[in-house]
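Here the structure comes first, spelled out in structure tokens, and everything after it is commentary.
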Amino acid sequence: MTNEKKESLNFIEQIIEEDINNAKHGGRVHTRFPPEPNGYLHIGHAKAITLNFEIAQRYGGKTNLRFDDTNPTTEDTEYVENIQKDIEWLGFQWEGEPLYASDYFQQLYDFAVKLIQKGKAYVDDSSAEEIAAMKGDIGVPGKESPYRSRSVEENLELFAKMKEGAFPDGAKVLRAKIDMGHHNLLLRDPVMYRIKRDRHHRTGDEWCIYPMYDFAHGQSDSIEGITHSLCSLEFIHHRPLYDWFIQELEIFPSRQIEFARMNVSYMITSKRKLLKLVRDHHVTGWDDPRMPTLSGMRRRGFPPMAIRTFCNKAGITKRENLIDMGLLEFCVRDELNKTAPRIMAVLDPLKVVITNYPEGQTEQMTVVNNPEDESMGTREMPFSREVYIERGDFMEDPPKKYFRMGPGRNVRLKGAYILHCDDFVKDAETGEVKEVHCTYYPDSRSGEDTSGVKAKGTLHWVSAAHARTAEVRLYDRLFSDPTPDQHEGKDYLDFLNPDSLQVLDRVYVEPNVGELQPGEQFQFLRMGYYCVDPDSTADHLVFNRTVTLKDGWAKAQKKG
RNA sequence: AGACCCAUGGUGUAAUUGGCAACACAGCAGAUUUUGGUUCUGUCGUUCUAGGUUCGAGUCCUAGUGGGUCUACCA
């Protein structure tokens with residue numbers, strides 16, 4: 001093996017390697033990704049998914065997909081399906097079939113009975129309000145419930161009746177008997193089971209009692225033999241409870257390890273806030289290309305590998321973090337630069353007439369598809385007397401450092417000829433430049449240029465007679481503030497970027513792009529990366545802007 | 001108020017576990033370029049504070065400061 005630089009380990013990898021070295025669990029590594037099927041996956045989930053799957057892969061382990069479906073009121077199979085699709089899109093495959101916490105309802109019930117028999121759980125008749133009132137406060141001990149000292153027999157009987165449906169919703173709960181004075185509120189006799197008669201998306205009406213997160217998650221981990229249960233920092237206070245149940249139940253000791261969730265500037269990940277964006281039509285849906293959801297980023301054209309690279313670059317620690325969205329964009333560009341074929345498209349067309357080019361003549365110009373990857377080959381582009389260039393590539397009176405077209409200047413059309421700009425025509429009313437007149441140097445053809453003419457710059461272009469028309473949707477960040485939901489007294493909706501979507505309906509695209517499939521990605525030369533939207537049809541092409549190219553000229557201009 | 005977690009350039013993450021603080025992104029300057037892209041080179045800038053242990057502290061100890069989390073029959 002080569003002696004490469006020793007790769008540094010994050011703190012979770014360090015724990016795992018230590019466990020492997022100590023032959024803990026026979027050196028086995030088994031992780032899980034445990035979404036609740038009540039919403040769409042977003043960039044934050046991508047981090048958890050990437051971590052769980054890649055870390056298991058790295059140590060020859062496995063990763064389960066387990067739906068944490070213990071709350072029938074909010075959960076649905078629609079989410080189950082989309083979540084699976086998103087994980088597969090990222091390129092991961094879970095071990096075996098998808099698993100469900102609801103598969104373990106009977107086992108969980110039996111666990112609860114065991115705890116009752118040990119005198120470690122009791123049925124409480126108190127209302128939710130009473131339980132909250134008796135909970136105490138931060139720094140203030142709670143009070144024990146009057147039902148806390150029921151006999152094991154009575155508890156067993158009442159719990160069985162709860163299951164049979166003898167009591168109305170909310171009438172009783174099963175609680176763990178731990179310590180009402182504990183400084184960790186979660187250890188003040190946490191609720192294990194509640195009565196709820198909602199129809200469950202998988203078990204239907206089979207159950208009317210459902211376990212709470214704390215009495216389902218760790219137990220499910222244990223049942224599946226999960227060795228390292230990775231979760232975000234907000235569960236750190238749950239760990240003593242996680243461990244307490246495992247110890248009292250005497251079951252497989254999964255270990256919970258917490259890491260800081262990833263925050264990305266200009267993005268929000270609150271399910272509630274995302275839902276509101278959809279409900280109030282600030283976006284077109286969960287898969288709107290501006291959404292931080294995986295389905296949104298997919299539609300936007302972010303390659304899954306770029307998202308994974310981004311998650312890895314963000315790293316794993318226990319600190320609060322705010323990662324620059326620029327890093328995500330860098331990962332997207334870096335990936336697309338290698339993989340996306342170049343085509344030419346003129347977003348804001350300006351007609352150029354080549355006055356010395358024969359009318360009715362067409363030449364085929366050979367253009368490389370990707371200078372980064374020769375194997376992607378070349379294509380032919382028709383060239384004729386009238387072409388479109390980008391309006392921004394012409395200036396009546398350009399400054400010295402402007403490397404584009406202006407009166408008297410020579411500019412190359414990429415892959416074609418060098419043009420000399422002779423004249424331009426303005427609209428009498430608006431003053432807008434309508435047309436530019438040029439002459440071409442016949443011996444300057446790309447690849448066989450003997451003209452000796454120096455071009456000021458190189459422009460992309462499309463032959464007017466051959467161009468295809470397309471709609472292009474220019475997307476920008478959804479919010480104008482890096483942390484829209486972190487401002488006191490202001491709502492995140494106050495920071496919605498009014499220019500997050502701009503629709504161009506008369507874009508000219510070079511003709512030889514073939515049959516376009518939704519999701520297909522291109523670099524519009526000099527303009528950015530674009531992908532075919534699912535709305536696109538053979539008659540009406542629709543492209544989404546994934547991300548712009550890095551633009552040194554724009555930056556220089558901004559500086560003035 | 002109590003408990004718990006955290007603190008390294010603008011941002012994020014490292015530092016062979018006590019031995020010359022580095023990598024990436026962003027920024028700046030330049031070279032190359034038939035994409036003002038890519039690539040390449042250079043450059044800017046970092047250990048929260050105060051004590052202590054030590055030959056030696058980003059790393060260990062104490063205190064402080066700052067930030068975060070926790071009182072759902074949600075997950």
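Quick caveat: nothing in here was measured; it's all calculated off a predicted structure. Chain naming here is simple, since letters A, B, ... match the order of the sequence lines and numbering starts at 1 in each.
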Of Leu9(A) and Arg194(A), the one whose closest nucleotide on RNA chain B sits nearer the 5' end is Leu9(A)

For Lys273(A), does the NZ atom sit with more than 12 other heavy atoms under 6.0 Å from it, leaving out its own atoms?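 Yes, NZ of Lys273(A) has more than 12 neighbouring heavy atoms, counting only those of other groups under 6.0 Å.
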
For Lys161(A), does the NZ atom have more than 12 heavy-atom neighbours from other residues, nucleotides or ligands under 6.0 Å away? no

Roughly how many Å apart are [M] and [N], using the [atom1] atom of each and rounding to a whole number?
N: G42(B); M: U65(B); atom1: P; answer: 45 Å
N: C5(B); M: U62(B); atom1: P; answer: 12 Å
N: G68(B); M: U59(B); atom1: P; answer: 24 Å
N: U17(B); M: C48(B); atom1: C1'; answer: 23 Å
N: C61(B); M: A21(B); atom1: C1'; answer: 23 Å

Taking atom CE of Met305(A) and atom NZ of Lys338(A), what is their separation to the nearest 0.5 Å?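 Reported to 0.5 Å precision, the distance equals 8.5 Å.
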
OP1 or OP2 of [N] versus the side-chain N and O atoms of [X]: is any pair under 4.0 Å?
X: Arg342(A); N: U38(B); result: no
X: Arg188(A); N: G2(B); result: no
X: Lys338(A); N: U38(B); result: no
X: Lys196(A); N: C74(B); result: yes
X: Arg404(A); N: G36(B); result: no
X: Thr458(A); N: U33(B); result: no

Have a look at [X] and say if it touches a base, only the backbone sugar-phosphate, or nothing, with a 4.0 Å heavy-atom cut-off.
X: Phe235(A); value: base
X: Pro371(A); value: base
X: Val173(A); value: base
X: Phe259(A); value: nothing
X: Ala314(A); value: sugar-phosphate
X: Ile236(A); value: sugar-phosphate

Those residues that, when tested against [X], pass side chain to side chain donor-acceptor pair (under 3.5 Å) (two or more places apart):
X: Gln523(A); result: Tyr529(A)
X: Glu363(A); result: Tyr357(A), Tyr417(A), Arg445(A)
X: Tyr402(A); result: none

Please tabulate, one pair per line, each protein N/O and nucleotide N/O from nucleotides 30-32 of chain B that are separated by under 3.5 Å, including the distance.
none

With [X] via side chain to side chain contact (heavy atoms under 4.5 Å, CB included) - residues at least two apart:
X: Cys531(A); answer: Gln521(A), Asn544(A), Thr546(A)
X: Pro34(A); answer: Arg32(A), Arg66(A), Asp68(A), His217(A)
X: Ala416(A); answer: Met365(A), Phe383(A), Leu413(A), Trp461(A)

Spacing of [X] atom [atom1] relative to [N] atom [atom2], expressed in whole Å:
X: Ile43(A); N: G12(B); atom1: CD1; atom2: C1'; result: 14 Å
X: Arg239(A); N: A3(B); atom1: CZ; atom2: C1'; result: 14 Å
X: Glu234(A); N: A72(B); atom1: CD; atom2: P; result: 16 Å
X: His183(A); N: C4(B); atom1: NE2; atom2: P; result: 6 Å
X: Leu186(A); N: A72(B); atom1: CG; atom2: P; result: 9 Å
X: Glu510(A); N: U35(B); atom1: CD; atom2: C1'; result: 14 Å
X: Glu75(A); N: A75(B); atom1: CD; atom2: C1'; result: 8 Å
X: Met527(A); N: U35(B); atom1: CE; atom2: P; result: 16 Å

Which nucleotide sits closest to the side chain of [X]: [options]?
X: Lys414(A); options: U34(B), G27(B), G37(B); value: U34(B)
X: Glu36(A); options: U69(B), C73(B), C74(B); value: C74(B)
X: Leu185(A); options: C73(B), A75(B), U71(B); value: U71(B)
X: Asp68(A); options: G36(B), A75(B), U38(B); value: A75(B)

How about Phe245(A) and Phe215(A): are their ring centroids closer than 6.0 Å?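 Ring centres of Phe215(A) and Phe245(A) closer than 6.0 Å.
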
Would you please indicate yes or no on a ring centroid separation below 6.0 angstrom for Phe330(A) and Phe310(A)? no

Suppose the criterion is salt bridge (charged side-chain N to carboxylate O under 4.0 Å, His left out): which pairs have a residue in residues 234-245 of chain A, not counting sequence neighbours? Arg239(A)-Glu258(A)

Is the ring of Trp553(A) stacked on the base of G36(B), with centres less than 5.5 Å apart and planes under 30° off?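 Given the distance and angle limits, yes, they stack.
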
Among residues 132-143 of chain A, which ones have heavy-atom contacts with RNA chain B below 4.0 Å? Lys135(A), Gly136(A), Asp137(A), Ile138(A)

In numerical order, the residues of residues 316-333 of chain A whose heavy atoms come under 4.0 Å of RNA chain B are Ile316(A), Thr317(A), Lys318(A), Arg319(A), Glu320(A), Asn321(A), Leu322(A), Ile323(A), Asp324(A), Leu327(A), Phe330(A)

Under the ring pair (Phe, Tyr, Trp, His ring centres under 6.0 Å) test, residues paired with Tyr266(A) that sit two or more places apart: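 Tyr266(A): no ring pair (Phe, Tyr, Trp, His ring centres under 6.0 Å) contacts found.
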
Would you sort out whether Arg150(A) and Asp125(A) count as a side chain to side chain contact (heavy atoms under 4.5 Å, CB included), showing the intermediate values? CA-CA 11 Å; Arg150(A) 288 218 250 236; Asp125(A) 298 359; 2.4 Å; yes

Please work out whether U34(B) sits syn or anti, treating a glycosidic angle within 90° of 0 as syn.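 For U34(B), whose glycosidic angle is more than 90° from 0, the conformation is anti.
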
Taking the basic N atoms (NZ, or NE/NH1/NH2) and the acidic carboxylate oxygens, is any pair closer than 4.0 Å for Asp124(A) and Lys172(A)?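 Here Asp124(A) does not pair with Lys172(A) in a salt bridge, since their nearest N and O are not under 4.0 Å apart.
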
Decide whether Tyr242(A) and Asp221(A) meet the rule of one side-chain donor and one side-chain acceptor closer than 3.5 Å.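 Looking only at side-chain atoms, Asp221(A) and Tyr242(A) do form a donor-acceptor pair, the distance falling under 3.5 Å.
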
Where are the stems of RNA chain B, defined as at least 3 consecutive Watson-Crick or wobble G-U pairs with both distances under 3.5 Å? B:2-7 with B:65-70, B:10-13 with B:22-25, B:27-31 with B:39-43, B:48-52 with B:60-64

Qualifying residue for side-chain hydrogen bond (donor to acceptor under 3.5 Å, both in side chains) with His201(A), from Asp69(A), Thr77(A), Asp76(A):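 Between His201(A) and the candidates, side-chain hydrogen bond (donor to acceptor under 3.5 Å, both in side chains) is satisfied uniquely by Asp69(A).
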
